[in-house]
Every structure is written in structure tokens, then in C-alpha cells.
Amino acid sequence: MLFPVVLTFMTSSYDNLAFAKSGLQFGWSDQFFENYERAMFETSGFTGAIDGVSMLTNSLILGFGFAIGKIVISMMAAYAIVYFRFRFATLSFWIIFTTLLLPLEVRILPSYEVVQGLGLGNTYTGLIVPLIASATGTFFFRQFFRSVPEELVEAARIDGAGPVKFFIDILVPLSKTMIAALFIIMFVYGWNQYLWPTLITTDEGMFTLVRGIKNIIQSFTDSSSVPEFTVGFALTIITMLPPVLIVIFFQSWFVKGLTESDK
């Protein structure tokens, strides 16, 4: 698993001509800092309107917006299904759950038509909102809420806690580890989105890192120029860092949240 990453990291320290002549490299060269500086701060793309910092910002907005939106929607849906006890609640849950059989690739065309019809192309709203409904998150929170003791619900009701207060003051604090576990999953999933941002963002200023790597590699001034492969490798390593740091930071909460959901 780590070998391709290490090989990419080593190759990112070479210049583009060395890669064009010899391919992937197993050693170390002196272009490391220059390549990473160019990847982050040099404007590139076909219009020259994008750099690594702006793409990183777009990716962070997409990743955090995607994860937070999915968690909020999932918690509210699970709360309604478990505690409001309306008719056909179980049926509603299974209808939501069956949407797992409809991945983004299946509903990509109607989703695109709706977003474009609302004029949300090349916007963060168009990038994030159509993707935030989550059957997986609803399932996990439903299972967790069902494990909350009925005595706690009764005590809150006796103390005069209404539905909103019970949700915010009791369920949300109890769900912290579950939230952390799902945040990792959703953030990584949103961070790695490629197909949806490719369709929705035509303005290079809205490109994410995953979306923009290809454009950096392909951006050259004329047919005699060498594609920026090693700069693209450097940007690939940079693209991997935020999800890795998120996983490392939330690792203990991630394991705890998934194990507690089974209790």
C-alpha cells in the first residue's frame, strides 16, 4: 500500500525532464522544495487562474461542508424516525436506506440538470448541497439513538425538555464519538470527490485539488514543453495530507464511535 506513495514522493523531488526521460524515480533529487513551492503558489491551468492554495481552500470547503452537512441532515432524520414515532417511520427509514443502491453515478444526470437549472453551477452550494443526504449516516445515528435508555428520555420529559432542547442538550453531547467517526468517513469521501466537481465546476477558480491535478499536469504553453508531471506528483502528496491528518487526529474517537454504535 505504501510503496506507490513513497515512489510518488521520491519522484516529486525530480525535475520534469528527468521524469520524461527515465520515468518514476527510486532516489532523491534537489528539486523537492522548488516543486512543492510551484505546486502551491505558482498559478497554472489553461487560464492561469488557479494555484495550489486556492484549490486547497476549495477542497477544504467541500470536505468540511460535505461532512458537516451530512452529519446534520443524518442526525435530524434519525431523530425524527426514532423519537417522533410517526406512522410508517420504519418504512420511511428503509426507503432512505435503499438510496444506497443509487450511487452518485446513477443519478448524476438528473442531479446535474437540477443544479444547473437553479443556477448553482460553479458555486459551493452546487458542489455541496446535492450530496449531503446520507443513508449511511442516518442508519448509524438511528442505531445509536435506539440504544439511548428510555429512562433518560423520560427524565428529560419530566424536567420539561422539549424536542429541540432534548436533541441539542442531550443527544448531541451523547453522540460526540459517533459524530467524530462519521466525520472522518464523510470528510474523506467528500475530499476525494472527482466526478461531481468535474461536472459542476467549469471555472478554474472553483477547482478542488483532486479536480485540478490533471489540469496542472496538462498545462503547458506549446507542444515542445514538458508536462508538469513532477509538480503534479507534489500536488498529489499535498492532496493526501489533510485526510491523513484528519484520520490521525480523530483515530481514537473513530474507533470508539464505531464500537459504541454496536452496544
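The basis for the numbers below is simple: all heavy atoms, side chains too, and nothing from hydrogens, waters or symmetry mates.
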- Query: With a 4.5 Å heavy-atom cut-off, do L174 and L152 have their side chains touching?
  - Reply: yes
- Query: Same cluster or not: are I238 and L2 linked, directly or through other Ile, Leu, Val, Met, Phe, Trp or Tyr residues, by side-chain heavy atoms under 4.5 angstrom apart?
  - Reply: no
- Side chains of T208 and N58: is there a donor and an acceptor less than 3.5 Å apart? no
- Item | Heavy-atom pair with the smallest gap, counting every atom of F166 and A156 | CD1-CB, 3.5 Å
- Message: If we count only N and O atoms by modelled type, under 3.5 Å, do the side chains of S13 and N35 hold a donor and an acceptor together?
- Response: no
- Transitive ILVMFWY side-chain link W191 to V5, under 4.5 Å: yes
- Task: Please check if the side chain of T239 supplies one atom and the backbone of V210 the other of a donor-acceptor pair under 3.5 Å.
- Result: no
- Task: Treat each ILVMFWY residue as a node, draw an edge where side-chain heavy atoms are under 4.5 Å apart, and state whether L195 and L131 are in one component.
- Result: yes
- Roughly how far apart are I132 CD1 and I68 CD1, rounded to 0.5 Å? 11.0 Å
- Message: Applying side chain to side chain contact (heavy atoms under 4.5 Å, CB included) to I179 and M75, what does each step give before you reach the verdict?
- Response: CA-CA 9 Å; I179 292 172; M75 289 189 73; 3.8 Å; yes
- Can you see which heavy atom on P130 is nearest to which on V115, and at what distance? CG-CG2, 3.4 Å
- Message: Hydrophobic cluster membership, with links at side-chain heavy-atom distances under 4.5 Å among I/L/V/M/F/W/Y: are F33 and F41 in one?
- Response: yes
- Message: For the backbone of G137 and the side chain of K70, can you confirm whether one donor and one acceptor N or O come within less than 3.5 Å of each other?
- Response: no
- Are any side-chain N or O atoms of N122 and backbone N or O atoms of D203, one a donor and one an acceptor, separated by less than 3.5 Å? yes
- Item | F167 side chain near V172 side chain, heavy-atom distance below 4.5 Å | yes
- Message: Rounded at 0.5 Å granularity, tell me how far NZ in K176 sits from CG in L171.
- Response: 13.5 Å
- Between L182 and F141, does a side chain to side chain contact (heavy atoms under 4.5 Å, CB included) hold up when you go through it step by step? CA-CA 10 Å; L182 285 176; F141 280 115; 3.2 Å; yes
- Query: Are the side chain of S111 and the backbone of I108 linked by a donor-acceptor contact shorter than 3.5 Å?
  - Reply: no
- Task: Under 4.5 Å between side-chain heavy atoms, chaining through other members, with only Ile, Leu, Val, Met, Phe, Trp and Tyr counted: pull out the rest of the cluster around L91, sorted by chain and number.
- Result: F88, I95
- Query: Pick from F249, F140, F64: which one makes a ring pair (Phe, Tyr, Trp, His ring centres under 6.0 Å) with F183?
  - Reply: F64
- Item | Worked check of side chain to side chain contact (heavy atoms under 4.5 Å, CB included) between M55 and L235 | CA-CA 10 Å; M55 287 190 291; L235 196 63; 3.7 Å; yes
- Message: Does any part of the side chain of V188, heavy atoms only, come nearer than 4.5 Å to the side chain of I246, both counted from C-beta?
- Response: no
- M10/L24 under side chain to side chain contact (heavy atoms under 4.5 Å, CB included): CA gap, chis, key distance, verdict: CA-CA 8 Å; M10 290 181 175; L24 295 171; over 6 Å; no
- Atom CD in Q193, atom CD1 in I200: separation rounded to 0.5 Å? 11.5 Å
- Task: Could you tell me whether the side chain of I61 reaches within less than 4.5 Å of the side chain of I128, counting heavy atoms only?
- Result: yes
- Note on the structure: Here the gap from M40 atom CE to S54 atom OG, rounded to the nearest 0.5 Å, amounts to 9.0 Å
- Message: Within this structure, what is the CD1-CE distance for the pair I71 and M178, rounded to the nearest 0.5 Å?
- Response: 10.5 Å
- Message: Tell me the closest heavy-atom pair linking R211 and P197, and the distance in Å.
- Response: NE-O, 3.7 Å
- Query: Donor-acceptor pair, Y79 side chain versus F145 backbone, under 3.5 Å?
  - Reply: no
- Message: According to salt bridge (charged side-chain N to carboxylate O under 4.0 Å, His left out), who are the partners of E113, at least two apart in sequence or on a separate chain?
- Response: none
- Testing I248, V247, L241 for side chain to side chain contact (heavy atoms under 4.5 Å, CB included) with V244, which one passes? I248
- Item | Euclidean distance, T99 OG1 relative to W94 CH2, rounded to 0.5 Å | 12.0 Å
- Ignoring hydrogens and geometry, is there a side-chain-to-backbone donor-acceptor pair from T123 to G126 under 3.5 Å? yes
- Note on the structure: The complete set of side chain to side chain donor-acceptor pair (under 3.5 Å) pairs with one or both residues in residues 155-166, sequence neighbours excluded, reads E154-R157, K165-D169
- Message: What I'd like to find out is whether the side chain of I96 reaches to under 4.5 Å of the side chain of I81, using heavy atoms alone.
- Response: yes
- Message: If you count heavy atoms of other groups shown closer than 6.0 angstrom to OH of Y83, is the number above 12?
- Response: yes
- Check: T230 side chain, Y14 main-chain N or O, donor-acceptor pair, under 3.5 Å: yes
- Query: How about P163 and F84: do any of their side-chain heavy atoms sit closer than 4.5 Å?
  - Reply: yes
- Item | Verify same cluster id: Y112, M206 (apolar side-chain graph, 4.5 Å) | yes
- Considering residues at least two apart in sequence or located in another chain, which fulfil the ring pair (Phe, Tyr, Trp, His ring centres under 6.0 Å) criterion with F32? F9, W28, Y36
- Query: ring pair (Phe, Tyr, Trp, His ring centres under 6.0 Å) with F207: which residues, sequence neighbours excluded?
  - Reply: none
- Query: Are the side chains of Q25 and L7 in touch, meaning some heavy atoms are under 4.5 Å apart?
  - Reply: no
- Task: Keeping the roles fixed (side chain from D51, backbone from E42), state whether a donor-acceptor pair exists under 3.5 Å.
- Result: no
- Message: Suppose we screen for ring pair (Phe, Tyr, Trp, His ring centres under 6.0 Å). Which residues come up paired with F19, at least two apart in sequence or across chains?
- Response: F229, F233
- Query: When the aromatic ring centroids of F66 and Y189 are compared, is their separation below 6.0 Å?
  - Reply: yes
